[in-house]
**Student:** 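Starting off with a structure, shown below.
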Amino acid sequence: MQVIVLFNKFLSILFTLVITVPTISSLQPQTSAKSAVAMDSATRYVFYEKSKDNTLPIASTTKIMTCLLACESGKLDKIVKINKSMLESVEGTMIYLKAGDSISLYDLVQGAMLASGNDAAKSIAVFLAGSEEKFCHIMNRRAVELGMKNTEFRSASGLDIGNHHSTAYDMALLAAEAVKNKIMVSISSRQSAYITVNGSKQKLFNHNKLLSYDSSYIGLKTGFTNKAGRCLVSAYKYKNNVIIVVTLNDPQDWQDHKALVEFAKRKYINSAEQKEFSIAVVGGNTNSIIAKCKYDLATIDSIDIKYCYYPILYAPVKVGDRVGKAVIYSGNKYIMTVVITAEEEAQYYAQ
């Protein structure tokens with residue numbers, strides 16, 4: 001009898017331990033950042049936040065705005081003649097431009113995004129606006145358009161000039177806009193690139209170590225000053241989504257970004273299916289063919305699918321022919337369209 005009582009007590013203790021252990025998906029990451037955000041780029045849904053609206057210096061992550069404006073300018077193919085005003089009061093990380101150098105605006109963007117060249121960033125500003133001060137007005141106007149309510153840009157490079165600051169949340173909004181620009185993504189996702197200065201090529205390397213960790217990382221920008229500490233804005237492609245992670249003043253930024261991405265991935269609803277249809281055929285050697293569509297996606301909310309396909313096909317039908325589409329919505333928002341294709345052929349039957 002005593003053995004049974006002890007065994008029952010053991011089961012009671014074990015049951016208590018089991019029901020009080022949190023599930024993996026509910027565990028909140030512990031970051032060393034002063035401020036952090038993990039966000040879905042399309043919906044702006046925030047998976048994780050830590051002091052997200054605290055204003056802090058942002059170092060070279062500033063260059064995301066500088067280079068986005070350059071990519072939106074329509075002048076990337078223009079050749080920039082470097083002058084003294086572009087290099088005045090520039091310090092820190094550089095690509096070592098000199099007055100009189102000739103370089104394309106596109107390569108200045110590469111120099112700013114990959115090698116974090118402060119000289120490249122200021123050259124972009126002066127070329128596009130005439131002065132860095134005027135360019136900062138453009139930066140701040142664009143910030144307002146993007147809903148960055150707690151941001152003030154005072155430099156194009158991120159050097160600590162005046163009250164230059166933003167927040168993790170604001171920088172996530174900026175990053176979400178930046179990843180919509182194909183040129184920005186193409187440049188920021190490169191581990192290295194060549195630029196041409198005065199007709200001579202030189203190789204640059206990206207400071208973003210996450211790119212070598214996982215090919216799903218597509219940018220965006222590192223940053224550091226003594227005042228700002230380590231700052232990092234990353235973008236991670238996950239199925240049909242891009243996860244944005246921002247950490248400000250974070251001595252463990254690489255590890256924290258990996259953890260926050262994994263946390264965000266577990267918050268999505270995953271939906272995968274290969275749906276099959278039987279569609280009638282007229283005038284063929286068969287009365288019907290099989291058609292299929294396949295999708296594998298992740299969404300914040302559950303999905304709703306509208307299937308649109310021809311009720312009757314006329315021969316001939318070839319394998320791979322598009323015979324309809326599946327339009328996918330989530331939370332009343334359009335997500336994507338998947339093509340329905342013929343999996344069988346129907347040859348024309350001449351009577």
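Along the sequence shown, residues carry numbers from 1. This one's a predicted model, so the numbers in the text were calculated from it and none came from an experiment.
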**Student:** Do K221 and S116 have a side chain donor and acceptor closer than 3.5 Å?
**Tutor:** yes
**Student:** CD/E345 to CD/Q347 distance, rounded to the nearest 0.5 angstrom?
**Tutor:** 5.0 Å
**Student:** May I ask you to establish whether K275 and Y307 are in a cation-pi arrangement, using a distance under 6.0 Å from NZ or CZ to the six-membered ring centre and at most 45° from the ring axis?
**Tutor:**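 That pair qualifies as a cation-pi contact.
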**Student:** Nearest 0.5 Å, please: how far is CD in E49 from OH in Y169?
**Tutor:** 9.5 Å
**Student:** Would you find a donor on one side and an acceptor on the other, under 3.5 Å apart, between the side chain of E344 and the backbone of I290?
**Tutor:**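 At least one qualifying donor-acceptor pair exists.
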**Student:** Which residue is it: L108, L97, L159, V90? I am looking for the one with a side chain to side chain contact (heavy atoms under 4.5 Å, CB included) to K122.
**Tutor:**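 Exactly one pass, corresponding to V90.
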**Student:** Consider only side-chain N and O atoms of N118 and T93, and report whether a donor and an acceptor are under 3.5 Å apart.
**Tutor:** no
**Student:** For I195 versus D107, what's the shortest heavy-atom pair and its separation?
**Tutor:**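 Distance-wise, the nearest heavy atoms are CA-OD2, 3.5 Å.
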**Student:** What I'd like to find out is whether the side chain of V246 reaches to under 4.5 Å of the side chain of L174, using heavy atoms alone.
**Tutor:** no
**Student:** Pick from F263, Y236, Y238, Y268: which one makes a ring-ring contact (aromatic ring centres under 6.0 Å, His included) with F47?
**Tutor:**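 Among F263, Y236, Y238, Y268, the one that satisfies the ring-ring contact (aromatic ring centres under 6.0 Å, His included) with F47 is Y268.
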**Student:** On a heavy-atom basis, which atom in Q191 and which in S212 lie closest, and how many Å separate them?
**Tutor:** OE1-CB, 3.6 Å
**Student:** Any non-hydrogen side-chain atom of K239 less than 4.5 Å from a side-chain atom of D296?
**Tutor:**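 Heavy-atom side-chain distance check passes, below 4.5 Å.
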**Student:** If we only count heavy atoms from C-beta on, is the K258 to Y217 side-chain gap below 4.5 Å?
**Tutor:** yes
**Student:** Say you draw a straight line from CE of M139 to CG of L68; how long is it, rounded to the nearest 0.5 Å?
**Tutor:** 10.0 Å
**Student:** Is it true that, when you exclude Y194 itself, more than 12 heavy atoms of the residues, nucleotides or ligands shown sit nearer than 6.0 Å to its OH?
**Tutor:**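 No, because the 6.0 Å sphere around OH of Y194 holds 12 heavy atoms or fewer from other groups.
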**Student:** For the OG1 atom of T151 and the CD1 atom of I58, what is their distance to the nearest 0.5 Å?
**Tutor:** 6.5 Å
**Student:** Testing the 3.5 Å rule here: is there a donor-acceptor pair between the side chains of S200 and N198?
**Tutor:**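 No, no side-chain donor-acceptor contact under 3.5 Å.
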**Student:** Distance-only, no hydrogens or angles: does the S188 side chain make a donor-acceptor pair with backbone N or O of I218 under 3.5 Å?
**Tutor:**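 Indeed, once roles are kept as given, a pair shorter than 3.5 Å links the two residues.
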**Student:** Tell me which one of V126, N140, L128 satisfies side chain to side chain contact (heavy atoms under 4.5 Å, CB included) with F135.
**Tutor:**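 Only one option passes, and that is L128.
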**Student:** Mind running side chain to side chain contact (heavy atoms under 4.5 Å, CB included) on I335 and I303 for me, showing each step along the way?
**Tutor:** CA-CA 9 Å; I335 300 298; I303 63 171; 5.7 Å; no
**Student:** Per the side chain to side chain contact (heavy atoms under 4.5 Å, CB included) rule, which among I183, D77, I79, T196 passes with Y106?
**Tutor:**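 Single side chain to side chain contact (heavy atoms under 4.5 Å, CB included) partner of Y106 among I183, D77, I79, T196: I183.
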**Student:** Is there a path of hydrophobic side-chain contacts, each under 4.5 Å between heavy atoms of I/L/V/M/F/W/Y residues, joining F224 to L211?
**Tutor:** no
**Student:** Might you point out which heavy atoms bring I161 and S155 nearest each other, and give the distance in Å?
**Tutor:**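 Closest approach of I161 to S155, heavy atoms only: CD1-CB, 3.7 Å.
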**Student:** Are any of the side-chain heavy atoms of K34 and L248 separated by less than 4.5 Å?
**Tutor:**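 They are not in side-chain contact.
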**Student:** Let's go through K134 and S131 carefully: what are the C-alpha distance in whole Å and the side-chain angles of both, what is the deciding distance for side-chain hydrogen bond (donor to acceptor under 3.5 Å, both in side chains) to 0.1 Å, and is it a yes or a no?
**Tutor:** CA-CA 5 Å; K134 290 179 180 178; S131 71; 5.3 Å; no
**Student:** So M148 and F153, side chain to side chain contact (heavy atoms under 4.5 Å, CB included) or not? Walk me through it.
**Tutor:** CA-CA 11 Å; M148 300 171 67; F153 292 112; 4.2 Å; yes
**Student:** Atom OG in S41, atom NZ in K237: separation rounded to 0.5 Å?
**Tutor:** 8.5 Å
**Student:** Test side chain to side chain contact (heavy atoms under 4.5 Å, CB included) on W254 and T222 and set out the steps.
**Tutor:** CA-CA 10 Å; W254 307 123; T222 61; 3.8 Å; yes
**Student:** If you measure from OG on S157 to CE on M94, what distance do you get to the nearest 0.5 Å?
**Tutor:**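 Reported to 0.5 Å precision, the distance equals 11.0 Å.
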**Student:** Can you check whether K318's main-chain N or O pairs, donor with acceptor, with D321's side chain at less than 3.5 Å?
**Tutor:**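 Yes.
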**Student:** Is there side-chain contact between V339 and K325, with at least one heavy-atom pair below 4.5 Å?
**Tutor:**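 No, too far: nothing below the 4.5 Å cut-off.
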**Student:** Looking only at heavy atoms, what is the nearest atom pair of S189 and S186, with distance?
**Tutor:** OG-O, 3.2 Å
**Student:** Just so I know, are the side chains of V109 and C71 near enough to count as touching, which here means a heavy-atom distance under 4.5 Å?
**Tutor:**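 Touching, per the 4.5 Å side-chain cut-off.
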**Student:** Taking all non-hydrogen atoms of both residues, which atom of S330 and which atom of S302 are closest, and how far apart?
**Tutor:**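 Distance-wise, the nearest heavy atoms are OG-O, 3.3 Å.
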**Student:** Taking the basic N atoms (NZ, or NE/NH1/NH2) and the acidic carboxylate oxygens, is any pair closer than 4.0 Å for K227 and D160?
**Tutor:** no
**Student:** Checking the side chain of N240 only, and the main-chain atoms of A298 only, is there a donor and an acceptor separated by less than 3.5 Å?
**Tutor:** yes
**Student:** With distance as the sole criterion, is a donor-acceptor pair present between the side chains of T31 and D250 under 3.5 Å?
**Tutor:** no
**Student:** Any side-chain heavy atom of I243 sitting closer than 4.5 Å to one from L260?
**Tutor:** no
**Student:** Taking the side chain as C-beta and beyond, is there a heavy-atom pair between L210 and L232 under 4.5 Å?
**Tutor:**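 Side-chain contact under 4.5 Å: yes.
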**Student:** Would you call the rings of Y334 and Y329 parallel, tilted or perpendicular, taking 30° and 60° as the class edges?
**Tutor:**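 Geometry flag for Y329 against Y334: perpendicular rings.
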**Student:** Starting from the C-alpha separation in whole Å, work towards a yes-or-no answer on side-chain hydrogen bond (donor to acceptor under 3.5 Å, both in side chains) for S32 and D256.
**Tutor:** CA-CA 7 Å; S32 57; D256 286 344; 3.1 Å; yes
**Student:** Could you walk me through whether K98 and I82 satisfy the side chain to side chain contact (heavy atoms under 4.5 Å, CB included) test, starting with their C-alpha distance in whole Å, then the side-chain angles of each, then the deciding distance to 0.1 Å, before giving a yes or no?
**Tutor:** CA-CA 7 Å; K98 301 182 297 296; I82 303 301; over 6 Å; no
**Student:** If you count heavy atoms of other groups shown closer than 6.0 angstrom to OH of Y309, is the number above 12?
**Tutor:**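 No.
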**Student:** Return the minimal non-hydrogen interatomic distance between G331 and D301, and the atom names on each side.
**Tutor:**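 It is CA-OD2, 3.9 Å.
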